Structures are given as C-alpha cells and as structure tokens.
**Q** 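Pasting in a structure now, in structure tokens, and then I'll have a few things to ask.
Computation of the quantities below employed the complete heavy-atom set of this structure, encompassing side-chain atoms and omitting hydrogens, waters and symmetry-equivalent molecules. Bear in mind the structure is a predicted one, so any value in this text is a computation, not a measurement.
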Amino acid sequence: MTTRPTYLTTRFGGYFHRDVPEEDVELSHVGPDTPCGEYLRRFWQPICFSEELKDLPQRVKILGEELVVFRDRSGVVGLLELHCPHRGASLEYGLIDATGIRCCYHGWLFAVDGTILETPGEPAHSTLKDRLCHGAYPTHEYAGIVFAYMGPPDLQPSFPVYDSFLRPGYRLVPGPKYSWPCNWLQTMENAMDPAHTAFLHTIVSGAQFTEEFGVMPELEFVETPVGMIYIGTRRVGQNVWARMVEAVLPNLQQVAPIWETGHQEHAFSGPMLSRWVVPQDDTNTMFIELRHVSETEGMTPAWWGDRTIMVPGGQLPAASYQAGQRQPGDYEAQVSQRPIAIHGLEHIGATDRGVMMFRNQTRRGIRAVQAGRDPAGLCRDAGTVIPTYCNDTVTRMAPDGDPATDRRLMRETGRRLAESYLKDPPLLASWRSLNSPAGHGFVVDQLMEAAGLST
C-alpha cells in the first residue's frame, strides 16, 4: 500500500513538499519471492518471437531473472538460467546442440528441461551430472511467440487461448517488440486511461489517431471474467461511438482500432492488436504484440500488416529531446512518471477510475496467490476458448436536445452494449458457430463465477 506526504495548499509551497514516499512495492516489484512477481509467475509470459531463435542463443531478462532462450537442433525451445552451474559462464555464449545447449567454457551439455546430459572432463564413473539439474522453465509456442511458465511446477496452468485469436476472417501477425525504461504497471494501466486519448493523442500532440478522438468521451468501467474494459462513448453526429479497450489479467492489453471515426454504423469490431506488457525487472518493461489483420480488403489499413510500422501515438522515444517536448507521445508521458511511478504523490480524479480498478484487480490477484488460490484470469481447462470484449461499436442514436441528458443516454448505451457482450460474447459466438454451435454459454458462466461476477 502507499503512504502520502502532506497535501500542498500554499502557493509557491515547493519548500514544504520534501517527504517523497516509496513506490507501491506490492504492485511494482516483480523479482522472485515478491508479491507481484509471484502473481505474474502464475501465468504464461511471452519471452521472444519464435523467429528470433536461429543459430545463436538469446540472452533475456524476464521478471528480474537472467535467462537464455534457444532452439536446439531438433527444434525444441529451451529457457534456462543464464549462468552455467559449473563455474558461472554465461550460456549466451553456448553452443546449440542437437539435444540442448553446451557451455562454451567446459562443455557441459544441458537439455531444455535442465537435465545435465554431459560433463566433459569429469571421470567416466562420475555421477555429478546425475545428481544435479540446471534451472529451466517450460515453454510453449503460439502464433509466432515463445511463452514460458515461470511459476511453481505443480501449479502450471493450461495455455490460454482467447477468442480474439481465433476470429474468423482475421489472421494474427507478429508486430514489433520493444522496451521502455520504466515499471510495468504504469504502462499496463495506461490502457484503462481513456481520457489521455483525447488530450495526449489529439489536443496536445495533434491527431495521432483520428480527429474524433479529440472529443472527451463519456466513461464507464466494467469488470469482465478475465479483467476489465473501459467504455468510452462519443457523439459523432447522429451516431454514438462506443469504444471498449480491454485489460486481460494479468498483463495483456487488447486495443480497439485507432482508425475508427464513428461516422459509419457497425456492430462489434474486435481488437486491432493484442499486446503483452512484460516486466523485465522493476524498471524495464518489454512490449510484444500480435496484430489482427483482416483477410477482407479494406477492413484494416494496408500498412497494418507491416510490422516495421509502429502504432501511432509515440510508442518509441521521439527523435530528439526537443521533438518529444513539442509532440509527446505515450513513451514520454509514461516513462516520465519516474522509473517507478510514486502512487503516494498522485491526486486521483474521476477519469482515473479505470486505473484504480485495474490496480485493485492486480492487488486481489496478488492476495489470491498469497492465500493459495488461483487468481482471476487463470486458465485451468485445456481446450477452453476464453471470451474477450475489446471492440468499437457505432450505433444510430439521434442527439437529445438537453446536453446533460444526451451524455447520460450515451453512457447508458455504452453500458448496455457492454452488458450484452458480456452475456453473449460476439467473437466466441462467431467462432463457435463455425466449430461447435453449443456450449459457449457454459464457458462464460464458468468464467464469470470464477471471477466473482454474475451473468
């Protein structure tokens, strides 16, 4: 939990603002044996793209742990502790073998499960390799990404498959991978801060998405079986545009299309990207994304399938310090909150309800793990397709003559749409209609019950 310094109520009162509280350790620290680190380790975490694993091992840092990832010559992916247990040489300099990776220093050979296969130089009768194992983690490849499970072996969950990954008429395309020098939480929770799209991405820096984002939306926030969504509704002429962006616990963002204008009516659209926000350590974060590209021409922009083109909005630092000052983006706004944002110095307002809801969900997940329970969002049933709710919906609704009434009606419309999607998830229903027409309601009911929500 956070502590607060004295509120400033005096003009030119900087002198009195001396006591800077510590960061919220429970939510921000991710190393082994930390509350949030143990929580995040209960889920499968992305490590790298499959295509990165060629003839050389790759050094990575995930959740404060120094690791090496490689693909042996039989095609199996391994994720091992970085330093050889013999004398500590780094396995990033190891030789990839048919059955594992061999340390460059004395030739010890390690299988992907940490079994020590050979210890050259030891006597033939030595049992040293039979009495040891090297630290290793199980991996799983999906949609061009290597994932790892770094939690207790006896609690390993099934790999989660979301309905947005199986969306008819769309293919998953690996996007870019990049890192920011700040804590994971201040980047992850940004997805639940829709107010910043109007100010940062439109009013302050010019229209980085579409001009319609410059209208401050009416806001609602709703918990889902696997996380939460914000509902931002905007008036666009005779239409109401309801935008729903999703935080899937613990650290997956699903973002609705940024090319939406709200001028043309349409039903549930689904996400444009799924992006994991992966802590490398307490002050460095990796982003790795999958883009959802339509197989129907014109449904997604032609450039969206080109991973060399970044999502607009300043996902990388500006070309110069002055350029970042003149046209700041997400990088400048989030990294500048300090390496770890100090929650005790914040003054939370009404637009921050989604940020606080996500922090509370994360805290509940941490407490569940500490109590020996599965946190919300964890998948235990292999083969389950998990419903998600990110989308844009544009519906016809003439404006009311009274602005206050119109704003209330917009909020009610957005919430009503969200509740209908929670009851009958459109992407899951679409996938089921092509595969197994019965049973999706049972899956939703199970997830809602596990999350402590009612259908």
Side-chain angles (χ1 to χ4, degrees), residues 44-120 133-150 159 161 165 171-180 251-252 273-281 284-293 303-311 315-316:
W44 289 89
Q45 296 291 343
I47 303 299
C48 65
F49 285 120
S50 296
E51 65 186 16
E52 296 180 72
L53 303 183
K54 298 177 182 177
D55 62 330
L56 294 173
Q58 300 291 314
R59 178 175 179 163
V60 296
K61 192 174 189 180
I62 303 291
L63 299 176
E65 297 189 39
E66 299 279 4
L67 305 166
V68 64
V69 59
F70 63 95
R71 188 187 303 278
D72 71 22
R73 294 210 302 268
S74 70
V76 181
V77 174
L79 182 68
L80 305 181
E81 292 178 354
L82 181 65
H83 296 284
C84 176
H86 177 208
R87 297 266 299 283
S90 176
L91 293 177
E92 68 190 294
Y93 303 108
L95 308 176
I96 293 178
D97 193 272
T99 56
I101 189 169
R102 190 181 294 275
C103 180
C104 70
Y105 201 16
H106 297 93
W108 285 27
L109 178 63
F110 307 97
V112 299
D113 64 357
T115 299
I116 302 176
L117 301 175
E118 297 178 11
T119 53
C133 275
H134 187 46
Y137 292 113
T139 62
H140 180 82
E141 291 188 82
Y142 185 86
I145 296 178
V146 174
F147 294 82
Y149 173 70
M150 298 173 62
F159 182 80
V161 176
F165 296 171
R171 67 183 188 276
L172 294 176
V173 176
K177 185 185 78 171
Y178 51 99
S179 296
W180 287 4
N251 58 329
L252 171 63
L273 70 78
S274 301
R275 177 170 57 195
W276 286 266
V277 179
V278 186
Q280 294 167 299
D281 54 30
N284 291 278
T285 300
M286 176 181 71
F287 298 81
I288 188 166
E289 72 181 44
L290 290 174
R291 294 181 175 181
H292 302 257
V293 179
W303 61 267
W304 189 234
D306 184 351
R307 67 191 301 183
T308 66
I309 301 177
M310 293 292 293
V311 175
Q315 307 308 303
L316 296 177

**Q** Start with the C-alpha gap between Thr99 and Ser74, add the side-chain angles, then the distance that decides, and say whether side-chain contact (heavy atoms from CB on, under 4.5 Å) holds.
**A** CA-CA 7 Å; Thr99 56; Ser74 70; over 6 Å; no
**Q** For Leu109, run the side chain to side chain contact (heavy atoms under 4.5 Å, CB included) check against Thr115, Leu117, Thr119 and tell me which one passes.
**A**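 One option only clears the test, and that one is Leu117.
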**Q** Check the surroundings of atom OH in Tyr178: do more than 12 heavy atoms from other residues, nucleotides or ligands lie under 6.0 Å from it?
**A**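 For Tyr178, atom OH is crowded (more than 12 foreign heavy atoms under 6.0 Å).
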**Q** Rounded to the nearest 0.5 Å, what separates atom CZ in Phe147 from atom CZ in Phe159?
**A**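 Separation between the atoms: 4.0 Å.
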**Q** Could you grab the distance from atom OH of Tyr142 to atom CG of Leu290, nearest 0.5 Å is fine?
**A**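 Nearest 0.5 Å value for the OH-CG distance: 8.5 Å.
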**Q** Without swapping roles, check the side chain of His134 against the backbone of Ile116 for a donor-acceptor pair under 3.5 Å.
**A**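 No, His134 side chain to Ile116 backbone: no donor-acceptor pair under 3.5 Å.
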**Q** Side chain of Trp276, backbone of Met286: donor and acceptor closer than 3.5 Å?
**A**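 No, Trp276 side chain to Met286 backbone: no donor-acceptor pair under 3.5 Å.
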**Q** Taking Arg291 for the side chain and Pro176 for the main chain, is one N or O donor matched with an acceptor at less than 3.5 Å?
**A**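 Judged by distance alone, no pair lies under 3.5 Å.
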**Q** Quick one: pull up NE2 in His106 and CZ in Arg87 and give me the separation to the nearest 0.5 Å.
**A**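 His106 NE2 to Arg87 CZ: 5.0 Å, rounded to 0.5 Å.
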**Q** Which heavy atom of Arg71 sits nearest a heavy atom of Ile96, and at what distance?
**A**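 Looking at all heavy atoms of both residues, the shortest contact is O-CG2, 3.3 Å.
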**Q** Any idea which heavy atoms bring Asn251 and Pro279 closest together, and the distance?
**A**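 Reported closest heavy-atom pair: ND2-CD, 4.2 Å.
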**Q** Judged by atom type as modelled, is there a donor-acceptor pair below 3.5 Å linking the side chain of Arg59 to the main-chain atoms of Glu66?
**A**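 Judged by distance alone, no pair lies under 3.5 Å.
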**Q** Given Val69, which partner from the list Val60, Leu82, Ile101 fulfils the side chain to side chain contact (heavy atoms under 4.5 Å, CB included) test?
**A**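 Of the listed options, the one satisfying the test is Val60.
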**Q** On a heavy-atom basis, which atom in Pro120 and which in Arg102 lie closest, and how many Å separate them?
**A**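 Residues Pro120 and Arg102, closest heavy atoms: CG-NH1, 3.9 Å.
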**Q** Could you tell me which non-hydrogen atom of Gly305 sits nearest to which non-hydrogen atom of Val173, and how far apart they are?
**A**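 Scanning both residues completely, I find the closest heavy atoms to be O-CG1, 4.0 Å.
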**Q** Shortest non-hydrogen contact from Lys177 to Cys48?
**A**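 For Lys177 and Cys48, the tightest heavy-atom pair comes out as NZ-CB, 4.2 Å.
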**Q** With rounding to the nearest 0.5 angstrom, report the CG to CZ distance, Leu316 to Phe287.
**A**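 Atom-to-atom, Leu316:CG and Phe287:CZ are 10.0 Å apart.
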**Q** Is there a side-chain contact between Lys61 and Asn284 in this structure, where contact means two heavy atoms from C-beta onward sitting under 4.5 Å apart?
**A**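 Of all side-chain heavy-atom pairs linking Asn284 with Lys61, none is under 4.5 Å.
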**Q** Does atom CZ of Phe49 have more than 12 heavy-atom neighbours, drawn from other residues, nucleotides or ligands, at distances under 6.0 Å?
**A**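 More than 12 heavy atoms, drawn from other residues, nucleotides or ligands, come within 6.0 Å of this atom.
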**Q** Take Glu65 and Tyr137 through the test side-chain contact (heavy atoms from CB on, under 4.5 Å) and record every step on the way to the result.
**A** CA-CA 12 Å; Glu65 297 189 39; Tyr137 292 113; 2.7 Å; yes
**Q** How long is the straight-line distance from CD of Gln58 back to CG of Leu67, given to the nearest 0.5 Å?
**A**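 Separation between the atoms: 13.0 Å.
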**Q** Mind checking whether Gln280 and Ser179 have side chains closer than 4.5 Å, heavy atoms only?
**A**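 In contact.
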**Q** Using a 4.5 Å cut-off on heavy atoms from C-beta on, say whether the side chain of Pro174 contacts that of Ile145.
**A**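 Ile145 does not reach Pro174 side chain to side chain.
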**Q** Going through the checks in order, is the side-chain contact (heavy atoms from CB on, under 4.5 Å) test met by Ile47 and Thr139?
**A** CA-CA 9 Å; Ile47 303 299; Thr139 62; 5.9 Å; no
**Q** Set out, in order, the CA-CA distance, both residues' side-chain angles and the distance that settles side-chain contact (heavy atoms from CB on, under 4.5 Å) for Gln315 and Arg275, then state yes or no.
**A** CA-CA 12 Å; Gln315 307 308 303; Arg275 177 170 57 195; 3.4 Å; yes
**Q** Please round to the nearest 0.5 Å and tell me the distance separating atom OH of Tyr105 and atom NE2 of His86.
**A**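 The NE2 atom of His86 is 8.5 Å from OH of Tyr105, to the nearest 0.5 Å.
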**Q** Taking all non-hydrogen atoms of both residues into account, name the closest pair between Cys84 and Phe110 and its distance.
**A**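 Nearest heavy atoms, Cys84 then Phe110: SG-CZ, 3.7 Å.
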